[in-house]
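In what follows, every chain begins at residue 1, and chains take the letters A, B, ... in the order their sequences are listed.
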2 protein chains.
Amino acid sequence: MSNPAEILIIDDEVQMRKLLEITLQSNDYTVRQAATAKEGIIMAANHPPDMIILDLGLPDEDGHSVLQKLREWYTNPVIILSVQSNEEDIIKALDSGANDYLTKPFRTGELLARMRSALRGTFTEENNPVLNFNNLQIDLSARTVKKNNELIKLTATEYTLLATFAKNEGKVLTHHYLLREVWGPGFINQSQYLRVFIAQLRKKIEDDPNRPEYFVTESGVGYRFVFKE
Amino acid sequence: MSNPAEILIIDDEVQMRKLLEITLQSNDYTVRQAATAKEGIIMAANHPPDMIILDLGLPDEDGHSVLQKLREWYTNPVIILSVQSNEEDIIKALDSGANDYLTKPFRTGELLARMRSALRGTFTEENNPVLNFNNLQIDLSARTVKKNNELIKLTATEYTLLATFAKNEGKVLTHHYLLREVWGPGFINQSQYLRVFIAQLRKKIEDDPNRPEYFVTESGVGYRFVFKE
DNA sequence: CACATCTTTATAAAATCTTTATACAAACGT
DNA sequence: ACGTTTGTATAAAGATTTTATAAAGATGTG
């Protein structure tokens, strides 16, 4: 749904910070702000954001030097804003590790698009979806399932079934729905398939397969995937 | 020493191609060129370059459409060049997967810096040259593989396949994905290729090829490259 | 041509899916 | 209460799909 990416703005101009804050927040980013280089570096270090927007013209320290310090350890995207548009500055910033360089005044739509471009490919929650249930972890991008941090070997069908449950945690899923999602529309009457595979998942995932906690039977209707914390 | 990154230029203007060719070659890039969208897509598919520089104003097809087609499978950086500087075009291109957008005429120094920035973070050159797994070392820039410090002789295809695995350690890679990455988009149904080459890699790399530890089969789905420390 | 490599074919083995058989449990009507 | 019906659980046999590997054929390169 919303984009939970956290952005740190380092800029000394109040108006600019305010403009960025409003623009970014209305696009579902979480915004933190710093007015000086020193403050910005401390904030980044204490709680690394998903992206830093850095103004080159800071009062207390040269922007290029700030960028270099950040890049010693900070690996997420850094976008530079600057009133300078001379080539030398741009090249220097990009070669110091900036991901992009925009000249003030900039168009907010373009900034947002360049932010999306830079954030693409980084590992925010959105990009690397790991579903967490109790001691069970399902990594949808790696297609792996761990229980108590140990990999569980699932067949293709077992995994698809589990993923379907995990995406609908708490909901009752009917036999029809599950059969159609996992096996296809032609299989909606093969309820026995479902019983067999539920039994297999229980054997692999439940602590006590005879007393299922994750996979609850809703007799006559279907199954429900639950977890209590 | 030199930067072996291979760049594909897709631009219909001869002068522009010539300018880029000279600029890039004198910066140690290998350059290939296409004058039309059709030609460019074919060249990219046959032998995926490390980066594509795409002119939006091609005669035979809309540039945005070309970009979208490329992004269906091409994952390396794409930089857009365009005479258009209206915000709508820029946003559209960036949101379609472009890594950067420069307006013609551009400053060559800036282009080169933006290229370096975009190539940073990809594996192709001498960035993260050595991946370490257990007793296995993969030097991506030298294209060499060592096991227990002894060089292992791999063919081009074997190496590409191994490198693809190494870059996605822990993830399940589907047959489709591997075939597309290693052989190209036209080969996604040749699963037997994969089996043959996996067997070869296991023979060369696994301690006991009959009990594979690095190359794990995910039956019906693909393979996964793992290493336990 | 000789060589290395890639592609294709053949076949055995392994893994997975489907089907069958049987047991259990709850609901229902008489 | 009793037997019957309906729905569920599980093991295990059978069928099918997928995989592993060797080896033969094709291709290309110096």
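Here B:H175 does not reach the OP1 or OP2 of D:dT18: none of its side-chain N or O atoms lies under 4.0 Å away.
Ring centroids of B:F225 and B:F215 are separated by less than 6.0 Å, placing the two rings close together.
No contact: A:Q200 has no heavy atom under 4.0 Å from any strand. Within 4.0 Å of A:S191, counting heavy atoms only, lies no atom of the nucleic acid at all. If you check every strand for non-hydrogen atoms under 4.0 Å, A:F215 touches nothing.
The side-chain heavy atoms of A:R180 and A:F187, taken from C-beta on, include no pair separated by under 4.5 Å. The shortest side-chain heavy-atom distance between A:R143 and A:Y159 falls under the 4.5 Å cut-off.
Both B:G220 and B:Q190 sit near DNA chain C, but only B:Q190 has its closest nucleotide nearer the 5' end. In this structure, B:L154 and B:Q192 both approach DNA chain C, and ranking their closest nucleotides by distance from the 5' end singles out B:L154.
In terms of modelled atom types and a separation under 3.5 Å, the side chain of A:R71 and the main chain of A:G97 share a donor-acceptor contact.
Atom NE2 of B:H176 is separated from atom P of D:dT18 by 12 Å (rounded to the nearest Å). For the pair B:Y223 OH and C:dA15 P, the computed distance is 13 Å after rounding to whole Å. Whole-Å rounding puts the B:N210 CG to C:dA13 C1' distance at 12 Å. Whole-Å rounding puts the A:K153 NZ to C:dT16 P distance at 5 Å. A:K203 has its NZ atom 14 Å from the P atom of D:dA9, to the nearest Å.
In this structure, B:R17 does not pair ionically with B:D11, as no charged nitrogen and carboxylate oxygen lie closer than 4.0 Å.
A donor-acceptor contact under 3.5 angstrom links the side chains of A:Q192 and A:R195, judged on distance only.
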Can you name the atoms? Protein N/O to nucleotides 3-5 of chain D N/O, anything below 3.5 Å, with the distance.
none

